[in-house]
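Working notes for the structure below.
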Amino acid sequence: MAAPVARQILTADSVAAAPLLLNKVLVNRGRAGRIVEVEAYRGATDAASHAYRGLTPRNAVMFGPPGFLYVYFTYGMHWCANVVCGTEGEALAVLIRAVRPLRGLPAMRRARPAARSDRDLGNGPAKLCQALGIAGPDNGTDLLAPAPRRSGPGAVRLLDDGTPPPELVGQGRRIGIRVATEEPWRFWVEGEPCVSRGPLP
DNA sequence: CTTTGGATCGTCT
DNA sequence: GACGATCCAAAGG
């Protein structure tokens, strides 16, 4: 009873779409996690966005159509994953900040030997990519395409398993940025133990 | 539990 | 040449 998320809900502004992605399911090659924390980034109007200074080879996927996966490399060692929103050219995106592990936990553990608990598998944007096996080759994947027949890059999908968005959504400032820090564009499932952090002071 | 500093390299200036 | 949408181990309370 899991179907791809409707592309229609992703054509909205990323700030509107972000909370709608809570409780959706991110899957990759037998591993799955429920999205419990996200952040919206807003292209040319958002100084914290990778797209703020225009189109580059790295951020090109952000400028494409909604429903595609933007994966970037940072701090010399980490991958992070975004869902592209809006319409072509807007460069709106939602960063997936935390998932609660659902399926394929042994594989996640193998991919993340540093995890001390199941909660540690996906409670951070780079942690969840490591656990789910998402990396550079997955950049540009259509998250809403029919399920792939084989494993390999490009197998990441965004599914709706029928779980509605949470009744209680936490909202606060974004984490880890040096500019546009006042914008309350981070959303999480209130009371969820697998969130990366609580509200900022 | 919290704080602190190091790792490490692609990207853009 | 500087820095980043981060994580982890170590150390202290």
Side-chain angles (χ1 to χ4, degrees), chain A residues 10 13-19 21-22 26 33 35-64 66 68-86 90-101 108-141 143 153 156 158 170-188 193-201:
Chain A
L10 300 177
D13 187 286
S14 50
V15 174
L21 291 181
L22 295 174
L26 195 62
I35 296 170
V36 296
E37 180 186 352
V38 295
E39 279 177 0
Y41 287 85
R42 301 193 65 212
T45 66
D46 177 7
S49 169
H50 287 172
Y52 184 59
R53 290 175 172 83
L55 175 70
T56 68
R58 171 170 79 149
N59 65 24
V61 173
M62 292 182 83
F63 287 83
F68 284 73
L69 182 68
Y70 167 50
V71 179
Y72 69 90
F73 184 65
T74 192
Y75 291 102
M77 63 190 93
H78 296 305
W79 298 100
C80 295
N82 295 252
V83 179
V84 176
C85 297
E90 291 188 297
L92 310 176
V94 174
L95 171 69
I96 310 300
R97 278 203 58 92
V99 302
R100 177 152 44 85
M108 293 192 200
R109 282 284 192 165
R110 260 177 273 127
R112 263 186 63 64
R116 308 259 183 122
S117 65
D118 287 350
R119 171 197 314 177
D120 269 339
L121 288 171
N123 63 348
K127 294 179 184 180
L128 69 92
C129 283
Q130 199 180 4
L132 292 171
I134 297 171
D138 297 302
N139 186 44
T141 300
L143 293 166
V156 187
L158 182 62
Q171 181 173 3
R173 291 150 55 183
R174 295 177 292 183
I175 290 177
I177 53 177
R178 306 287 301 261
V179 293
T181 55
E182 300 306 312
E183 306 292 358
W185 293 341
R186 173 175 169 241
F187 304 88
W188 63 89
C194 293
V195 162
S196 68
R197 293 188 60 176
L200 294 177

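Convention: sequence-line order gives letters A, B, ...; per-chain numbering from 1.
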(request) Tell me whether the OP1 or OP2 atom of dT11(B) has a side-chain N or O from Arg53(A) closer than 4.0 Å. (result) no
(message) Output the rounded distance in Å from NE2 (His50(A)) to P (dC12(B)).
(response) 10 Å
(request) Tell me which nucleotide among dC12(B), dC8(C), dA5(C) gets nearest to the side chain of Thr56(A). (result) dC12(B)
(message) Ignoring hydrogens, what is the shortest heavy-atom contact between Arg97(A) and Ser196(A)? Give both atom names and the distance.
(response) NH2-OG, 3.2 Å
(message) On a heavy-atom basis, which atom in Glu37(A) and which in Arg197(A) lie closest, and how many Å separate them?
(response) OE1-N, 4.2 Å
(message) Does anything in residues 69-79 of chain A come within less than 4.0 Å of DNA chain B? Heavy atoms only, and list the residues if so.
(response) Phe73(A), Tyr75(A), Gly76(A), Met77(A)
(request) State whether Arg112(A) and Asp120(A) are salt-bridged, where the test is any N-O pair (Lys NZ or Arg NE/NH1/NH2 against Asp/Glu carboxylate O) under 4.0 Å. (result) no
(request) Examine Tyr70(A) together with Tyr72(A) and report whether their ring centres are nearer than 6.0 Å. (result) yes
(message) I need the CZ-P distance between Arg42(A) and dA5(C), as an integer number of Å.
(response) 18 Å
(message) Without decimals, in angstroms, what is the distance between Tyr52(A) OH and dT13(B) C1'?
(response) 16 Å
(request) May I have the distance from Lys127(A) (atom NZ) to dT6(C) (atom P), rounded to whole angstrom? (result) 11 Å
(request) Measure from CD on Gln130(A) to P on dT6(C) and round the result to the nearest Å. (result) 15 Å
(request) Check for a donor-acceptor pair, side chain of Asp138(A) on one end and backbone N or O of Ala135(A) on the other, with a separation under 3.5 Å. (result) yes
(message) Tell me if the CZ atom of Arg119(A) is crowded by more than 12 foreign heavy atoms within 6.0 Å.
(response) no
(request) Could you please name the option among dC12(B), dA9(C), dA5(C) that lies closest to any side-chain atom of Ile177(A)? (result) dA5(C)
(message) What contact category does Arg186(A) fall into here, base, sugar-phosphate, or nothing, at under 4.0 angstrom with non-hydrogen atoms?
(response) nothing
Expected rows: protein N/O vs nucleotides 1-5 of chain B N/O, under 3.5 Å:
none

(message) So for atom OH, which belongs to Tyr52(A), do other residues, nucleotides or ligands contribute more than 12 heavy atoms lying within a distance under 6.0 Å?
(response) no
(request) Give me the one residue out of Ile96(A), Ile177(A), Leu95(A) that meets side-chain contact (heavy atoms from CB on, under 4.5 Å) with Glu39(A). (result) Leu95(A)
(message) Mind checking if Ala48(A) touches a base, just sugar-phosphate, or nothing, with heavy atoms under 4.0 Å?
(response) base
(message) Does this structure show an ion pair linking Asp118(A) with Arg109(A), if we count only N-O contacts that are shorter than 4.0 Å?
(response) yes
(request) Calculate the interatomic distance between Arg174(A) atom CZ and dA5(C) atom C1'; express it in whole Å. (result) 8 Å
(request) Looking at every strand, decide which applies to Arg112(A) at a 4.0 Å heavy-atom threshold: base, sugar-phosphate, or nothing. (result) sugar-phosphate
(message) From C-beta outward on Ala114(A), which listed nucleotide comes closest to its side chain: dA9(C), dA5(C), dG4(C)?
(response) dA9(C)
(request) Taking the side chain as every heavy atom from C-beta outward, state whether Val195(A) and Asn123(A) have any pair of such atoms under 4.5 Å apart. (result) no
(request) Go ahead and write out DNA chain C as dot-bracket, 5' to 3': ( ) for pairs within the strand, [ ] for ones crossing earlier pairs, | when the partner sits on another strand, dots for unpaired; Watson-Crick or G-U wobble, both distances under 3.5 Å. (result) ||||.|||||||.
(request) Could you check how far CD1 of Ile175(A) sits from C1' of dT6(C), rounded to whole Å? (result) 11 Å
(message) Rounded to whole Å, how long is the line connecting atom CG of Leu55(A) with atom P of dT11(B)?
(response) 14 Å
(request) Could you tell me whether the side chain of Asp46(A) reaches within less than 4.5 Å of the side chain of Leu92(A), counting heavy atoms only? (result) no
(message) Donor-acceptor pair, distance only, cut-off 3.5 Å: does the side chain of Asn82(A) make one with the backbone of Val84(A)?
(response) no
(request) For Leu95(A), answer base if it contacts any base atom (sugar-phosphate contacts may also be present), sugar-phosphate if it contacts only those atoms, and nothing otherwise; contact means non-hydrogen atoms under 4.0 Å. (result) base
